[in-house]
Amino acid sequence: MVRVRFAPSPTGHLHMGSARTALFNWLYARKMGGVFILRIEDTDLRRNVDEAFGAILEAMRWLGLDWQEGPYYQSQRLHLYREVVKRLLEEGWAYPCYCLPQELEERRREALKRGEKPMYDRHCRDLSPKEREKWEKEGRKPAIRFKVPLEGKTSFRDIIRGRIEFLHQEIEDFVIMRKDGIPTYNLACVVDDHYMEITHIIRGEDHISNTPKQILIYNALGYPIPQFAHLPMILGPDKSRLSKRHGATSVNAYRDMGFLPEAVLNFLALLGWSPGGNREIISREEMIEEFELEGVKRHPAVFNMDKLIWLNSHYMKTSPPSRLAHLALPFLKREGLIKEGDYPIEILERIMPLVQERAKTLEEMPRWTDFFFKQEIEYEQSAVEEWLRDELHRKLLLLAKEVLAVLEPFTKENIEVALRGLAEREGVKAKEVFHPLRVAVTGRTVSPPLLESLAILGKEKTLQRITQALKYVG
RNA sequence: GCCCUCGUCAUCUAGCCAGGUUAGGAUACAGGCCUUUCAAGCCUGCGGCGGGGGUUCAAAUCCCCCCGAGGGCACCA
């Protein structure tokens with residue numbers, strides 16, 4: 001039985017890179033009929049951010065990445081880690097280190113100055129019982145370090161990258177438990193992965209160098225070693241690791257910018273992996289069906305905002321209007337176009353087909369639809385100058401008002417016949433009638449399709465807008 | 001500085017493992033068609049195997065060197 005986990009630390013919102021890691025874990029679990037576990041790595045109390053806990057779960061749910069076990073919290077499992085550390089100590093796999101942070105820092109700097117790797121110099125590795133006693137008497141609390149073999153190497157097979165090996169001389173005696181009794185990442189991670197019976201560790205490439213350390217711990221403890229798969233990093237346009245300075249990085253931020261969860265998911269799936277057969281649009285079900293760890297790319301991928309936007313517009317176009325109406329609602333409210341308790345949802349559902357292939361994100365919805373809701377519309381000056389100022393267009397607008405006034409019922413088809421008829425009688429092209437009318441009703445030269453818009457707006461409001469516009473330029 | 005990993009259009013990628021089509025698709029960009037505006041859609045164009053050696057009848061694909069990029073080097077995760 002495949003068991004995988006996603007183990008974020010609650011130091012901020014769910015990052016897009018982490019979300020991709022979560023997705024690949026989730027996909028693999030689904031594909032293999034396994035279990036997806038959520039574990040919160042909150043052992044660094046100082047760095048924990050209260051709101052991060054909720055934000056991460058929220059983002060996971062929004063993406064639809066549901067977990068079967070957890071969330072487990074490492075901060076509630078400290079007793080477990082302490083037991084394990086005690087055992088490592090007793091069996092000689094670890095030792096107490098009494099060095100002070102300043103001392104370590106100084107020695108690191110010196111090593112660097114000598115052109116050496118800034119590793120711990122194993123100062124306390126072979127302390128005599130007497131020396132230890134001396135430090136203890138002085139009241140120094142030790143950190144516990146793992147005793148890395150002085151020679152030899154540790155290697156493992158990465159599902160994505162193949163064989164990777166590290167010389168033990170390149171690995172320092174890393175801390176497994178801090179002096180305050182809280183375990184560090186590498187220890188807690190191994191213990192949890194073991195007790196949670198994780199079979200495949202799928203995580204970011206930034207963990208490759210942690211892997212040999214963890215394998216050393218697995219071996220010391222006699223734990224079976226799981227499979228590893230290290231995913232490539234996600235980069236910003238400047239090819240450095242994707243971070244805040246590249247703009248929004250959290251899943252929640254993209255949600256708030258009006259992206260659909262399926263678009264984000266599809267986008268993330270394409271970062272480092274691709275389905276067979278030249279396809280870009282891929283559903284959650286297809287992803288599960290076709291996902292393979294072996295097919296994951298080895299090189300880092302640049303976050304391509306244009307592609308995300310394109311995917312989003314695709315899902316906007318293909319979403320049922322009723323769903324889109326509900327999704328757009330918060331954005332319209334945010335702009336004050338719709339008030340609390342006043343949800344003309346059925347009108348929204350009629351409007352959606354007109355704008356869903358135009359707006360690329362939900363955030364653009366207000367701009368496309370505001371004229372449906374506003375009492376007073378604002379005119380774009382250049383639009384007025386171009387289409388309302390001159391004699392001919394004012395006359396056509398007035399005539400349009402007259403033919404529309406007698407239309408019954410006020411449907412798209414009837415409006416079209418009336419306006420085209422008018423243009424023909426006046427010997428002008430249809431657009432000479434449409435454009436002024438568009439500016440009069442929407443205030444802009446760019447809008448959703450005019451005829452459908454008028455039909456939804458209704459006869460009364462349409463005539464009102466024309467009157468207002470004529471007054472405005474008259 | 002040391003260690004690890006990686007390198008196909010501007011970007012995401014197919015092809016590489018099992019050498020043999022004009023190196024395919026998508027986004028972006030440019031142009032065209034359609035059209036009441038803007039989009040969408042359709043068509044066309046632009047554009048790449050990091051460099052150099054080697055093996056071979058044949059190299060994006062196998063080997064070596066160089067260059068470049070990313071990651072790691074915490075009592076963070």
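A note on names: the letters A, B, ... follow the listed sequences, proteins ahead of strands, and every chain is numbered from 1. The shown structure was predicted, so the numbers you read here are calculated from the model rather than taken from an experiment.
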Report yes if a side-chain nitrogen or oxygen of [X] is closer than 4.0 Å to either non-bridging phosphate oxygen (OP1 or OP2) of [N]; otherwise report no.
| X | N | answer |
| --- | --- | --- |
| A:K213 | B:C73 | no |
| A:R298 | B:C17 | no |
| A:K239 | B:U11 | yes |
| A:R279 | B:G25 | no |

Can you tell me how far [atom2] of [N] sits from [atom1] of [X], to the nearest Å?
| X | N | atom1 | atom2 | result |
| --- | --- | --- | --- | --- |
| A:L235 | B:G68 | CG | C1' | 14 Å |
| A:D306 | B:A28 | CG | C1' | 5 Å |
| A:F146 | B:C73 | CZ | P | 18 Å |
| A:E292 | B:C17 | CD | C1' | 14 Å |

Six-ring centre of [Y], [X] cation under 6.0 angstrom, axis tolerance 45°:
| X | Y | result |
| --- | --- | --- |
| A:R145 | A:Y120 | yes |
| A:R77 | A:Y72 | yes |
| A:R20 | A:F24 | yes |

Task: Parallel, tilted or perpendicular: ring planes of A:F303 versus A:F267, cut at 30 and 60 degrees - done: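 Perpendicular, since the angle between the ring planes exceeds 60°.
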
Classify [X] by what it touches in the nucleic acid, base, sugar-phosphate, or nothing, heavy-atom distance under 4.0 Å.
| X | answer |
| --- | --- |
| A:E170 | sugar-phosphate |
| A:R444 | nothing |
| A:N210 | base |

